[in-house]
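These numbers come from the heavy atoms of this one structure, side chains and all, not from hydrogens, waters or symmetry mates. From a predicted model like this one, the values you see are computed outputs, not experimental measurements. Here is the naming used below: chain letters follow the sequence lines, and residue numbers restart at 1 for every chain.
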2 protein chains.
Amino acid sequence: MTSSTQRSARGHRGDLFDPQCPTRRLLDRIGTKWTSMVIKVLAEASTEEVRFAQLQRRMPGVSQKMLSVTLRGLTRDGLVDRRVEASVPPRVYYRLTPLGLTLEEPLARIREWAEEHMAEVDRANRRSDERTTDS
Amino acid sequence: MTSSTQRSARGHRGDLFDPQCPTRRLLDRIGTKWTSMVIKVLAEASTEEVRFAQLQRRMPGVSQKMLSVTLRGLTRDGLVDRRVEASVPPRVYYRLTPLGLTLEEPLARIREWAEEHMAEVDRANRRSDERTTDS
DNA sequence: CGGCATCCCCCGGGATACTG
DNA sequence: CAGTATCCCGGGGGATGCCG
């Protein structure tokens, strides 16, 4: 991480953005609720396009709004490809770009770590809870 | 930080969809602003302990509050080890636990991706902007 | 020195309703 | 069917201030 977040001691408006720390920005992205799930679902579809409604069906709990917002962001970022079929009713297809596909890799590592270790994290949490709960 | 007093989730590997999903929770964690930076700095210190003030110095921009909150969370999670030296003034030392150390790996992959590809993401963003801003 | 507590602002993101 | 526009709430997180 190479930031160096400098800002005047008093600017209360959120300007003076973090002068690009790439890692920070990437974490913000994949940290947003639905981003990594979209990438995973699209990665599972391989190179096949997936329609909006299909995506939504494969992502229980996502609202239309958030799926839409998430996809727009990923499209802007060049990670997702969007194709509109001008029919009635309209159909919109999505798939990962080559760039997006390369992100699946590190994300998979994160997923693996979670599956493998989060149980232990839970145990650690319970241990802490006990210590504070007793007294 | 999530206040997880929740219990396990056995998983089929696919349930990134479970709100209780380990991956979701991990992403929430590492998505919070300072978590991954703390892990990186502590990882760089290897097994050596690092004092609070040292950490803060190595993380430009972090407030005392947020560093404190972040460290408490990581300690609860069993990723960071905390040792208090009851002197006057008091000294508090931190280092990664073995568990925390294993998280450095996947985080490094994420960092690498960011360093390697965020420039391309920026280009994609600029291209989108032109299309909407053009006139 | 380390780290609680307090105040407060901002924005992610859910629910709902409306257009093409 | 896909996407946009409103409204609204909770919580992340910055800026103090105080205490062991």
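- Distance CD1/B:Ile110 to CD/A:Glu105: 10.5 Å, rounded to 0.5 Å.
- The pair A:Glu44-A:Lys40 counts as a salt bridge, with a side-chain nitrogen and a carboxylate oxygen less than 4.0 angstrom apart.
- Contacts of residues 86-94 of chain B with DNA chain D (heavy atom under 4.0 Å): B:Pro90.
- When rounded to the nearest whole Å, the span between CG of B:Leu55 and C1' of C:dG3 equals 14 Å.
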Distance-only check: which donor-acceptor pairs under 3.5 Å involve side-chain atoms of residues 61-72 of chain A, not counting sequence neighbours?
from	atom 1	to	atom 2	distance (Å)
A:Ser63	OG	A:Met66	N	3.1
A:Thr70	OG1	A:Met66	O	2.6

Enumerate, atom names and distances included, each donor-acceptor pair closer than 3.5 Å involving a side-chain atom of residues 45-55 of chain A, sequence neighbours excluded.
from	atom 1	to	atom 2	distance (Å)
A:Glu49	OE1	A:Arg83	NE	3.4
A:Glu49	OE1	A:Arg83	NH2	2.8
A:Glu49	OE2	A:Arg83	NE	2.7
A:Gln54	OE1	A:Arg51	N	2.7

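- Relative to the side chain of B:Ala53, the nucleotides C:dG14, D:dG13, C:dG2 differ in distance, and C:dG2 lies closest.
- Rounded to 10 degrees, the angle between the two end axes of the helix from C:dC1-D:dG20 to C:dG20-D:dC1 is 40°, with five pairs used at each end.
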Between the protein and nucleotides 4-7 of chain C, which nitrogen or oxygen pairs come in under 3.5 angstrom?
from	atom 1	to	atom 2	distance (Å)
C:dC4	OP2	B:Arg72	NE	2.9
C:dC4	OP2	B:Arg72	NH2	2.8

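- Distances shown here put a side-chain N or O of A:Arg51 below 4.0 Å from the OP1 or OP2 atom of D:dA2.
- Rounded to whole Å, atom C1' of D:dA2 lies 10 Å from atom CD of A:Gln56.
- How far CG of A:Leu107 is from CG of A:Leu26: 7.5 Å, rounded to the nearest 0.5 Å.
- Residues A:Lys33 and B:Val84 each lie close to DNA chain C; by heavy-atom proximity, the contact nearer the 5' end of the strand is made by B:Val84.
- Within the 4.5 Å cutoff, side-chain heavy atoms of A:Asp77 are placed close to those of B:Asn125.
- Distance alone, capped at 3.5 Å, is enough to place a donor-acceptor pair between the B:Thr97 side chain and the B:Leu79 backbone.
- The CE-P distance, from A:Met66 to D:dT4, rounds to 13 Å in whole Å.
- Atom CG of B:Leu27 is separated from atom P of C:dG13 by 12 Å (rounded to the nearest Å).
- Separation of atoms CZ (A:Arg123) and CG (B:Leu99) is listed at 9.5 Å; rounding is to 0.5 Å.
- Atoms CZ (B:Arg29) and P (D:dG12) sit 10 Å apart, rounded to a whole Å.
- Separating the CG atom of B:Asp28 from the C1' atom of D:dG11 is a distance of 12 Å, rounded to the nearest angstrom.
- Look at CE on A:Met59: it is 14 Å from P on D:dA2, rounded to the nearest Å.
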Considering only distance and modelled atom types, tabulate donor-acceptor pairs under 3.5 Å from the side chains of residues 84-95 of chain A, sequence neighbours left out.
from	atom 1	to	atom 2	distance (Å)
A:Ser87	OG	A:Pro89	O	2.9
A:Tyr94	OH	A:Arg82	NH1	3.2

